[in-house]
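Here's the structure, in structure tokens; my notes come after.
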Amino acid sequence: MNLPLPRTLLRYLLCCVAGLHVLSLGGNFVYHGLGHHNVVPAFAWWTTFFNVDKEKNLPTWFSSALLMLAAYVLWEIANDVRNNGEKYALHWRVLSGVFAFLSMDEVAQMHEMSRKTGLVELGKASYLSWIVVAAPFVLVFCVSYVRFLFRLPLRMRLLVAGGGVLFILGAVGMEIIGAFVGRDVGGNVGTGPAYVEYLLAASVEELFEMLGVITFCYAVSTHLYERRQQASLAAPEAPVQLAAARSRRQPMPTAAGRGGSVAR
């Protein structure tokens with residue numbers, strides 16, 4: 001799969017995120033905030049289809065595809081590292097598998113099983129029990145990748161760390177705040193203006209998560225692009241091709257230049 005240049009890919013993804021949030025907030029503000037329920041046919045369905053806080057809709061598909069894109073780029077980096085005989089190919093592959101799992105979870109909502117099985121009771125925020133269950137695994141994973149992270153170039157290291165911070169702020173920080181904004185014990189929300197208030201908090205959560213993954217995608221796609229650029233410049237045939245290209249740009253010598261003046 002040929003990806004666009006990293007900066008171009010970044011612009012495309014940011015435009016998609018902006019469009020999804022405008023449609024989500026705009027449609028639900030008209031429906032719930034202003035109370036206009038028949039702006040267009042099946043308006044209620046459209047507001048759900050674009051709602052960034054709902055499941056099985058366009059934002060869910062986009063988030064899942066975004067995570068799978070990161071998994072694909074990570075797998076390509078792993079292949080490149082392995083082919084060059086470098087270290088940490090397995091780390092890249094495991095990281096790719098983690099993002100593929102997150103992509104599947106985005107659609108299947110497997111992390112919700114912790115709430116349904118009643119492993120943790122948190123009162124009003126019981127639906128957040130998945131955070132308590134997942135925290136030890138995330139901590140162990142992060143510690144095991146510290147050395148790997150510090151072997152990356154500084155710029156990529158900062159981008160990866162920044163993307164991770166944004167994602168955690170959304171997935172955990174804003175999720176906890178959203179538990180106390182318009183939700184009841186079962187995780188249900190009200191209607192009308194109360195729902196708009198809740199959706200604002202939920203939109204910030206989803207925005208942080210999407211921006212975190214996009215930042216990570218930009219970091220790894222840039223890393224892959226730079227590795228391939230360096231490989232192409234270091235290829236044995238590169239100097240020969242460069243010399244040939246230069247020779248094609250040289251003007252052809254005249255007859256006088258080759259052996260004196262031309263007879264008239």
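Heavy-atom basis, side chains included; hydrogens, waters and symmetry copies ignored.
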Tell me which one of Met156, Arg155, Arg7 satisfies side-chain contact (heavy atoms from CB on, under 4.5 Å) with Thr222.
Arg155
Main-chain N/O of Glu76 paired to Asp80 side chain as donor or acceptor, under 3.5 Å:
no
I'd like to know whether Ile77 forms a side-chain contact (heavy atoms from CB on, under 4.5 Å) with Tyr88, so could you lay out the CA-CA distance, the side-chain angles of the two residues, the decisive distance to 0.1 Å, and finally the verdict.
CA-CA 10 Å; Ile77 294 176; Tyr88 296 112; over 6 Å; no
Does CH2 in Trp61 sit with more than 12 non-hydrogen atoms of other residues, nucleotides or ligands closer than 6.0 Å?
no
Shared ILVMFWY cluster between Leu10 and Tyr72, side chains joined below 4.5 angstrom?
yes
From Leu69, Leu9, Val17, residue fulfilling side-chain contact (heavy atoms from CB on, under 4.5 Å) relative to Ile214:
Val17
Look at the side-chain heavy atoms of Ile, Leu, Val, Met, Phe, Trp and Tyr, link any pair under 4.5 Å apart, and say whether Phe49 and Val40 land in one connected group.
yes
Is it true that atom OH of Tyr12 has more than 12 heavy atoms of other residues, nucleotides or ligands lying nearer than 6.0 Å?
no
Would you please indicate yes or no on a ring centroid separation below 6.0 angstrom for Phe216 and Phe99?
yes
Rounded distance [0.5 Å steps], OG in Ser144 versus CG in Leu149
11.0 Å
Linked, directly or transitively: Tyr218 and Phe62 (ILVMFWY side chains, under 4.5 Å)
yes
Could you check whether Glu86 pairs with Arg227 (Lys NZ or Arg NE/NH1/NH2 to Asp/Glu carboxylate O, under 4.0 Å)?
yes
Could you check if a side-chain atom of Thr215 sits within less than 4.5 angstrom of a side-chain atom of Phe167, using non-hydrogen atoms only?
no
Minimum side-chain heavy-atom gap Phe43-His37 below 4.5 Å
no
Side chain of Asn57, backbone of Asn51: donor and acceptor closer than 3.5 Å?
yes
Using the rule given for side-chain contact (heavy atoms from CB on, under 4.5 Å), can you reason through Leu207 versus His21, listing the C-alpha separation, both sets of side-chain angles and the distance that settles it, and then say yes or no?
CA-CA 8 Å; Leu207 180 63; His21 279 79; 3.7 Å; yes
For Asn84, does the CG atom sit with more than 12 other heavy atoms under 6.0 Å from it, leaving out its own atoms?
yes
For Ala89, does its backbone N or O pair with a side-chain atom of Arg82 as donor and acceptor, under 3.5 Å?
no
Report the distance from atom OG1 of Thr8 to atom CG of Leu13, rounding to the nearest 0.5 Å.
11.0 Å
Whether the side chain of Ser96 engages the backbone of Leu74 through a donor-acceptor N/O pair (distance < 3.5 Å, no angle test) should be reported.
no
Same cluster or not: are Leu14 and Leu66 linked, directly or through other Ile, Leu, Val, Met, Phe, Trp or Tyr residues, by side-chain heavy atoms under 4.5 angstrom apart?
yes
Gap between atom CZ of Phe150 and atom CZ of Arg147 - 0.5 Å precision:
12.0 Å
Heavy-atom check, side chain of Leu25 versus side chain of Val196, under 4.5 Å
no
Compute the centroid of each ring, for His36 and then for Tyr31, and state whether the two points are separated by less than 6.0 Å.
no
How many angstroms lie between OG in Ser64 and CG in Asp105, if you round to the nearest 0.5 Å?
9.5 Å
Checking side-chain contact (heavy atoms from CB on, under 4.5 Å) for the pair Met210/Ser63: CA distance, chi angles, key distance, verdict?
CA-CA 7 Å; Met210 290 180 182; Ser63 296; 3.4 Å; yes
Of all heavy-atom pairs between Thr60 and Glu106, which one has the smallest distance, and what is that distance?
CG2-O, 3.4 Å
Check whether more than 12 heavy atoms from other residues, nucleotides or ligands sit under 6.0 Å from atom CZ of Arg151, and answer yes or no.
no
Under the side-chain contact (heavy atoms from CB on, under 4.5 Å) rule, what do Val220 and Leu95 come out as? Steps first, then yes or no, please.
CA-CA 11 Å; Val220 294; Leu95 202 55; over 6 Å; no
Using only atom types and a distance under 3.5 Å, with no angle test, would you say the side chain of Tyr145 pairs donor to acceptor with the backbone of His91?
yes
Interatomic distance, CD@Glu209 vs CG@Leu102, rounded to 0.5 Å, equals 10.0 Å
What is the minimum heavy-atom distance between Ala78 and Trp92, and which atoms define it?
CB-CB, 3.6 Å
Are any side-chain N or O atoms of Ser221 and backbone N or O atoms of Cys217, one a donor and one an acceptor, separated by less than 3.5 Å?
yes
Centres of the Trp46 and Phe50 rings: under 6.0 Å?
yes
Would you check if the side chain of Ser203 reaches a backbone N or O of Leu199 as a donor-acceptor pair within less than 3.5 Å?
yes
Given 3.5 Å as the limit, does a donor-acceptor pair link the side chain of His223 with the main chain of Ala219, or not?
no
Do side-chain atoms of Thr47 reach the backbone of Asn28 as a donor and acceptor pair under 3.5 angstrom?
no
Within one Ile-Leu-Val-Met-Phe-Trp-Tyr cluster: Val165 and Val204, side-chain cutoff 4.5 Å
yes
